[in-house]
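Lettering of chains follows the sequences in order, A, B, ..., and the numbering in each one begins at 1.
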Number of protein chains: 2
Amino acid sequence: MTATPRLHTQQDLRRANLAAVLYAVVDGGPASRARVADRIGLTRTAVSTLVDDLLAAGLLAEAGLGHSGSPGRPGTVLALSDQGPCGLGAAIGVDHLAVCAVDLRGRVRARAAVDAVNRRSRPEPVLERLAGLIDDVTGQLTEAGLRPAGLCVAVPGQVVRDGTRVVQAPNLGWRDVDLAGRLPSGGGPLKVDNEANLGALAELWIGDPVCRTGDVLHVSAEIGIGSAILTDGLLLRGNRGFAGELGHVPVRRRGHACGCGGRGCLEQYAGEEAVLRAIGLDPVRAVADHPGPGGRVGYLAGRAEAGDPDVLRALRGAGTDLGIALTAAANLLDPHVLVLGGALADLAPWLLPAVEAELGRRMGTAPPLVVSRLGADGPLLGAAHAVTRAVLDDPLRTAQPTG
Amino acid sequence: MTATPRLHTQQDLRRANLAAVLYAVVDGGPASRARVADRIGLTRTAVSTLVDDLLAAGLLAEAGLGHSGSPGRPGTVLALSDQGPCGLGAAIGVDHLAVCAVDLRGRVRARAAVDAVNRRSRPEPVLERLAGLIDDVTGQLTEAGLRPAGLCVAVPGQVVRDGTRVVQAPNLGWRDVDLAGRLPSGGGPLKVDNEANLGALAELWIGDPVCRTGDVLHVSAEIGIGSAILTDGLLLRGNRGFAGELGHVPVRRRGHACGCGGRGCLEQYAGEEAVLRAIGLDPVRAVADHPGPGGRVGYLAGRAEAGDPDVLRALRGAGTDLGIALTAAANLLDPHVLVLGGALADLAPWLLPAVEAELGRRMGTAPPLVVSRLGADGPLLGAAHAVTRAVLDDPLRTAQPTG
DNA sequence: CTAATTTGTAAATAGCCCTGACGAAATGCT
DNA sequence: AGCATTTCGTCAGGGCTATTTACAAATTAG
């Protein structure tokens with residue numbers, strides 16, 4: 001439900017073609033003007049003028065002459081600038097805070113992270129600590145002569161569609177938190193998005209190439225189980241921006257009551273707490289016993305690695321229920337691929353067989369199931385890249401001449 | 001997973017603006033050039049030249065002067081031509097064949113239909129009879145001085161994404177049937193699509209206005225239970241074009257075996273056959289006993305109307321299971337509205353309460369549930385309108401001067 | 001060293017929309 | 001009725017965008 005942006009004026013055309021040039025370089029790698037022209041179907045002349053603008057804006061850079069061994073004059077290779085604007089990404093996790101900056105080439109140029117106990121914490125101190133990290137990263141950037149073009153924050157919760165307010169983040173205990181103006185976004189715009197969404201976008205942009213060839217359902221779990229649906233390279237956000245709530249897909253007709261008000265939700269059987277309970281641990285105590293990013297997940301992975309039968313059985317059970325929910329999703333969406341991301345990626349060796357078995361049993365030809373390449377880093381990287389992608393989408397809006 | 005059409009040239013811009021003018025009239029009703037200019041954000045001058053082209057192409061027509069009572073020279077009202085190209089729509093149902101033609105204004109200008117027993121029938125005789133109906137309708141059109149701009153066929157089964165081949169239509173017993181060249185499409189292109197998809201599009205284009213304001217999940221059932229997902233006014237088709245298979249969402253962990261190979265699929269509990277079995281009827285015999293379009297559904301509706309407790313209980317049960325599957329879908333998609341279409345619309349009075357009860361029990365705030373305004377006619381109308389919409393999307397491609 | 005090939009740019013051209021201005025046709029006030 | 005006001009549609013001129021055509025520069029192949 002996004003209003004399709006109408007193409008009316010010649011400026012819109014110009015903007016679209018500027019973006020097309022940049023994406024030709026993003027998707028196909030550095031290339032000469034002539035090669036870019038072939039890729040996007042414009043003439044060399046047109047590409048030349050577009051490139052002139054992009055060079056002046058500091059988004060592209062000439063990187064010497066390329067010679068391919070074939071006859072003809074070699075072209076001057078165009079690459080994305082590594083001196084241009086950077087994207088600031090931040091992640092608010094239940095037990096950590098992280099910030100990073102990526103340049104237009106997608107390289108991480110600065111980062112900072114701390115362990116933190118954000119569970120059931122008030123927003124103010126969390127945002128204050130996060131602001132400190134952001135200032136830290138911004139400092140590193142300006143030292144290197146780079147400038148931030150905006151900030152995007154990944155949160156484990158529901159976010160309104162326009163991306164300024166957290167509606168609900170149960171595991172942080174936040175409700176209706178407006179972030180506008182409360183974090184130093186480096187002059188650019190500030191956006192908030194769900195970590196599952198950003199993890200999926202990261203996988204699309206810089207992860208497994210299979211995600212670029214069709215619709216994707218990207219599952220990710222921290223404590224809750226979320227997912228994101230990518231269609232045609234775009235997120236399906238739904239009416240309120242809450243699409244992808246895989247954790248509340250019913251997998252038992254009459255099952256445990258869930259915090260959402262329902263019964264038999266997947267989260268009650270495959271969520272982190274459910275797995276901890278299944279091996280006889282008190283979830284609340286486990287959080288205290290195994291803090292830090294990947295604390296409980298690392299603990300579970302360790303015991304699974306050691307062959308602990310209780311943990312293996314619990315993960316098999318979780319995988320089976322996840323398989324049921326994914327059957328529902330795959331029937332509804334017919335995705336090209338299913339991706340396990342977030343904390344699930346670290347437990348994939350023990351979850352995957354059960355998930356695949358259940359999918360195979362229930363669907364004639366189930367979509368392939370792959371493990372995220374980015375894992376727990378996905379949301380953070382996705383947030384940073386969301387900023388740089390916004391620059392690429394509208395190159396001259398945020399650009400400024402090279403110094 | 002549709003390649004986004006890139007906007008490169010000024011011709012593309014022109015095409016987009018021609019379409020914008022037409023859609024301004026479609027969505028906002030007949031209006032003067034100046035009014036259209038206001039609606040789409042172009043200048044009166046630009047709109048004038050666009051309208052000139054559209055008048056010459058026979059897509060728009062001037063309909064006299066409009067006077068609103070306000071000062072100023074009255075504008076000449078522009079309306080879609082009712083002499084222009086028409087869309088031919090056809091529907092292949094399990095027990096009927098239907099064809100209709102709609103003009104650009106959306107009015108049905110010709111139609112033909114017959115009862116037929118297509119269940120488990122070979123494609124050849126069915127296509128032959130359908131071709132006869134199409135010729136009949138085309139004849140009516142040419143008598144009225146109209147010309148068909150293409151043909152779209154609705155089938156109860158899975159269709160490849162490019163819309164030329166039926167992969168599988170279980171209730172017809174068809175597998176891998178290529179329709180290209182086997183039906184008289186009146187010179188224009190021939191397309192095939194799933195009836196659930198076309199029913200949903202019909203609802204979007206000419207049905208309940210709530211479908212136009214956000215993402216929609218449109219459920220429709222003939223014998224199988226299908227659905228279509230509309231995002232941003234576009235169908236979500238999925239990787240192979242099989243998205244929307246609501247009928248195979250699991251609603252029982254260990255349930256009846258289903259033809260799809262799975263267990264506990266919704267279709268086994270809420271499909272037409274399941275309901276017939278639940279009231280003690282043999283589905284195969286019931287088909288023979290109650291033929292024709294709406295045969296079994298009409299029979300069930302009649303008994304429900306009369307207060308038959310068995311039927312009411314069976315429909316309540318089906319509604320409950322449908323509610324479970326819709327909970328899954330609503331959590332994944334966060335749709336703006338859920339629509340019950342197809343044959344379900346006729347049983348809505350008895351299904352709806354159970355569906356709503358289950359949704360309400362499982363979701364804090366469930367999306368509103370509405371009944372399709374078009375019902376069983378949806379797919380046929382959607383098919384016809386798919387053709388006219390294609391004309392509106394690229395006005396000068398298929399156009400020809402007024403005679 | 002020459003021919004062939006490819007690259008990048010320049011000049012001229014065509015298409016599209018915008019600005020500004022104008023006559024035409026209605027309303028509303030005197 | 002007469003006049004000012006408002007709105008509509010069109011015309012002329014101009015700016016922007018991409019294309020066509022042409023050409024100099026730089027490389028490979030023989």
Exercise. Is any side-chain N or O of B:Arg33 closer than 4.0 Å to OP1 or OP2 of D:dT10?
Worked result: yes
Problem set entry | Atom-to-atom span, CD of A:Gln10 to C1' of D:dA18 - whole angstrom | 10 Å
Exercise. If only side-chain N and O atoms of B:Arg44 are considered, is one of them under 4.0 Å from the OP1 or OP2 phosphate oxygen of C:dC18?
Worked result: no
For this session: State which of D:dA18, D:dA26, C:dA26 makes the closest approach to the side chain of A:Arg73.
Result: D:dA26
Problem set entry | Note: A:Asp38-A:Arg33 ion pair, threshold 4.0 Å (strictly below) | no
Problem set entry | Length of the line joining B:Leu396:CG and C:dC16:C1', which is rounded to integer Å | 14 Å
Problem set entry | 5' precedence on DNA chain D between A:Leu65 and B:Thr9 (nearest-nucleotide basis) | B:Thr9
Problem set entry | B:Asp215 bridged to A:Arg237 by N-O distance under 4.0 Å | no
Exercise. Could you state the CG-P distance from B:Leu50 to D:dG9, rounded to the nearest angstrom?
Worked result: 14 Å
Exercise. Taking OP1 and OP2 of D:dG9, is either one under 4.0 Å from a side-chain nitrogen or oxygen of B:Thr76?
Worked result: yes
Exercise. Are OP1 or OP2 of D:dA18 and a side-chain N or O of A:Thr43 less than 4.0 angstrom apart?
Worked result: no
For this session: With axes from five pairs an end, tell me the bend angle of the helix from C:dC1-D:dG30 to C:dT30-D:dA1, nearest 10°.
Result: 0°
Exercise. Below 4.0 angstrom, N of the basic side chain to O of the carboxylate: do A:Asp162 and A:Lys191 qualify?
Worked result: no
Exercise. Rounded to the Å, how far apart are B:His8 NE2 and C:dA14 P?
Worked result: 24 Å
Exercise. What's the shortest heavy-atom distance between B:His8 and A:Leu13, and which atoms?
Worked result: O-CD1, 3.1 Å
Exercise. Do B:Thr138 and B:Arg147 have side-chain atoms, one donor and one acceptor, less than 3.5 Å apart?
Worked result: no
Exercise. Rounded to the Å, how far apart are B:Asp12 CG and D:dT17 P?
Worked result: 16 Å
Exercise. Has the side chain of A:Gln11 got a donor or acceptor atom sitting under 3.5 Å from an opposite partner on the base of D:dG15?
Worked result: no
For this session: Have a look at A:Ser70 and say if it touches a base, only the backbone sugar-phosphate, or nothing, with a 4.0 Å heavy-atom cut-off.
Result: sugar-phosphate
Problem set entry | Pairing of A:Arg109 and A:Glu143 as salt bridge, 4.0 angstrom limit | no
Exercise. So what does A:Thr45 touch, heavy atoms closer than 4.0 Å: a base, only the sugar-phosphate, or nothing?
Worked result: base
Problem set entry | Side-chain N or O of A:Arg14 closer than 4.0 Å to phosphate OP1/OP2 of D:dC16 | no
For this session: Answer yes or no: side-chain N or O of B:Thr49 and base N or O of C:dC16 forming a donor-acceptor pair under 3.5 Å.
Result: no
Problem set entry | Integer-rounded Å distance: C:dG15 C1' and B:Leu18 CG | 13 Å
Exercise. Rounded to the Å, how far apart are B:Asp38 CG and D:dG9 C1'?
Worked result: 14 Å
Exercise. Are the charged groups of A:Glu203 and A:Arg212 less than 4.0 angstrom apart, N to O?
Worked result: no
For this session: Kindly say if B:Asn17 contacts the phosphate of C:dC16, meaning a side-chain N or O under 4.0 Å from OP1 or OP2.
Result: no
For this session: Identify whether the distance between the nearest side-chain nitrogen and carboxylate oxygen of B:Arg15 and B:Asp12 falls below 4.0 Å.
Result: yes
For this session: Rounded off to whole Å, could you give me the CG-to-C1' distance for the A:Leu42 and D:dT20 pair?
Result: 14 Å
